[in-house]
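Inspection log for the structure reproduced underneath, given as structure tokens.
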Protein chains: 2
Amino acid sequence: MKATPHQLLCFQAVAETGSFSAAARRLGLSQPALSRTVRLLEEALGARLFDRNTRNVALTPVGAELRPIAERLGAEFGGAYGELARFVAGGRGRVTVAALPSIAAVLLPAAIAALAADRPDVEVLIADALSGPVLDAVRDGRAEIGLTVQPPPSAQLDYRPLLSDAFGLVCRDDDPLAARDGPAWSVFAQRPFVAMAPASSVRLMTDAVFLQAGLAVTPLFQCAFLGTAGRLVAAGLGITALPRLTLPLAAPPGLAWRPLARPATRRQMGIVTRANRSLSPAAAVLLDLIVAEARRAASLSEADGP
Amino acid sequence: MKATPHQLLCFQAVAETGSFSAAARRLGLSQPALSRTVRLLEEALGARLFDRNTRNVALTPVGAELRPIAERLGAEFGGAYGELARFVAGGRGRVTVAALPSIAAVLLPAAIAALAADRPDVEVLIADALSGPVLDAVRDGRAEIGLTVQPPPSAQLDYRPLLSDAFGLVCRDDDPLAARDGPAWSVFAQRPFVAMAPASSVRLMTDAVFLQAGLAVTPLFQCAFLGTAGRLVAAGLGITALPRLTLPLAAPPGLAWRPLARPATRRQMGIVTRANRSLSPAAAVLLDLIVAEARRAASLSEADGP
DNA sequence: TGAATTGATGTCGAGCGCGCATGAAAGCCA
DNA sequence: TGGCTTTCATGCGCGCTCGACATCAATTCA
């Protein structure tokens, strides 16, 4: 009751060449093997497929009926296999990345550009969110890759650190603070502080540092976007603390960045994936590209060690 | 590099049940066998299909990609197999019958009606022609079945006699000849003879009888159709000789038929098929029906022996 | 902490498909 | 017409695949 694809291939070869010997040569089989295979197929289907004697081979009506079917099936099978192979090779697919905006902006553009360059059929979706939703998205499979700060250890998530980024003071470049080498976090106790939104990763870290250092800092503003914070600082309304690599996002010219000391603080960025779950091939490729991009960013950033 | 349908079935079962053991039970396999089969499929595709530990089984992205493909392929395969099975069983197909009109009219209607009754998807094409073209059509495959008089023996054709039909005198029933028992062929030397067209099988036989009996018979008319000949006779323009079973075709009322003697002559009708060539299943069914119909016609016709 | 469930692995046996050698039939040619 | 060649079928031996069975490892539940 079963016809294997191999049997259909053998049938097709005989039908096309009109000869068992020629078909066997083409298939790289011995003629007896081919004869047997065709006979088995005929028995499986319950009908003769070729009227043959030692001199002539001709399709029977059943064989003629099978021919287009086998062809269609073969094309279907080959096509499906090709599709899948491309997916497996990472040449096709969809990758969803959940990322903190500040990290996405640093690491993703180059990686995605490199991916698009030689794998144009891979679709990349970016969901930027705060760190909690990023972890949630990865945990329940809505995103394959998460880019975020180091999360609390979890059995459901794997974390792989990529690079760390020093926090620094951000102020106008005509501010006297801009001239200082290695200002301390305590400066924020004396000047209006532009804070990020409460659940943002930058805010969580600055709050932690203030707490740890026993500093009483009252945020003057709370921004959801780095660009807003940058503009507030540029307008002279306050100063803030940001990781260095996020600086281009806070973009207005006329701003200075000085690494903060006491305590020297670094934000670690990394990749989060679902534990014990395979990545799609395309996602694996993108992940490698992100890792490479992170290495490049780390080596370019003189102040940054792992 | 090869995924067998069986491997895809196993994959689907695991994907659907979410469990190797349950899938194995459903497939009627042992669980180890199923495990191995899935592993082999994964190796063949070069990618893991399930993320699994002893407690959970979940599709990987590649597995999720394969799932609809496997489903489509399975449906395609099953559908194609079903189509072919129906063809093999004779439930679907096209049969071309080449036949002498006089024989077709006798044997085909009942056989085709019986065929259409329980195999509505079998298409029957009838090509009525003279005996030469009938043989040609069968010889080169344009027709699978030929209905004709006994042909000259040929290595390319098989002939199977069905029934034989006595020639008789056809005249008006008010003709004095109609009262005679067993008139002889010599009557045609004395009365206007309505002949059939030169290449028709009836004409060939009547000519042969006249030649053999040394009778000089000049045809008065030559008809291509039996109906025409019948009407000419009915109009009193002449008499003719026809096999008994063709009489209904020569139809007008008021005609008599009397078996001819000296020599008693029978037309043998039979089935011609291509030698060493399989019939399509549907054609084989039709052939059997024709044979049955011929047997019925023979038993009904008291004057007809084999 | 022990019992039960589930997937993986090792081993063995049966069946299938392959190649090789050989047989039978049909056409070709002298 | 009788060899020769070509072509498909068949018998045999072998290796690979796939099956079941027994067993192991890991995880959950009581």
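In what follows, every heavy atom counts, from backbone to side chain, and hydrogens, waters and symmetry copies are set aside. Labels below follow one simple rule: chain letters A, B, ... track the order of the sequence lines, proteins then strands, and each chain is numbered from 1.
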Exercise. Can you pull the side chain to side chain donor-acceptor pair (under 3.5 Å) pairs that have at least one residue in residues 90-102 of chain A, sequence neighbours excluded?
Worked result: A:R92-B:E65, A:R94-A:E123, A:S102-A:R267
For this session: Please list, chain by chain and in numerical order, all residues satisfying side chain to side chain contact (heavy atoms under 4.5 Å, CB included) with A:T273, sequence neighbours excluded.
Result: A:D158, A:I271, A:L279, A:L287
For this session: Scan residues 279-289 of chain B for pairs that pass salt bridge (Lys or Arg N to Asp or Glu O under 4.0 Å), counting only residues two or more places apart or in two chains.
Result: none
Seminar exercise, completed: Rounding to 0.5 Å, atoms OG1 (A:T148) and OH (A:Y159) come to a distance of 7.5 Å
Seminar exercise, completed: Across all chains, not counting sequence neighbours, the side chain to side chain contact (heavy atoms under 4.5 Å, CB included) partners of A:L204 are none
Exercise. Between B:F11 and B:F50, what is the ring plane arrangement, given parallel below 30°, perpendicular above 60°, and tilted in between?
Worked result: tilted
Exercise. Where do A:P61 and B:S278 come nearest, in terms of heavy atoms and distance?
Worked result: CD-O, 3.4 Å
Exercise. How does each nucleotide of nucleotides 10-20 of chain D score, in 5' to 3' order, for protein heavy atoms under 4.0 Å: base (B), sugar-phosphate only (S), or none (-)?
Worked result: B-------SSB
Exercise. Who passes ring pair (Phe, Tyr, Trp, His ring centres under 6.0 Å) against B:F87, sequence neighbours left out?
Worked result: none
Exercise. For residues 4-16 of chain A, which residue pairs qualify under side chain to side chain donor-acceptor pair (under 3.5 Å), counting only residues two or more places apart or in two chains?
Worked result: A:E16-A:R26
Problem set entry | For B:D140, salt bridge (Lys or Arg N to Asp or Glu O under 4.0 Å) partners two or more places apart | B:R142
Problem set entry | Residues in contact with DNA chain C, drawn from residues 16-26 of chain A - heavy-atom cutoff 4.0 Å | none
Exercise. Looking at residues at least two apart in the chain, or sitting in another chain, which of them share a salt bridge (Lys or Arg N to Asp or Glu O under 4.0 Å) with A:R160?
Worked result: none
Exercise. Between B:R274 and A:D51, is the closest basic N to carboxylate O distance under 4.0 Å?
Worked result: no
For this session: Starting from C1' on D:dA9, measure out to CD on A:E43 and report it in whole angstrom.
Result: 13 Å
Exercise. What is the 5' to 3' range of DNA chain C, first to last nucleotide, that sits under 4.0 Å from any heavy atom of chain A?
Worked result: C:dG17 to C:dG27
Problem set entry | Sorted by number, the residues of residues 46-54 of chain A with heavy-atom contact under 4.0 Å to DNA chain D | A:R52, A:N53, A:T54
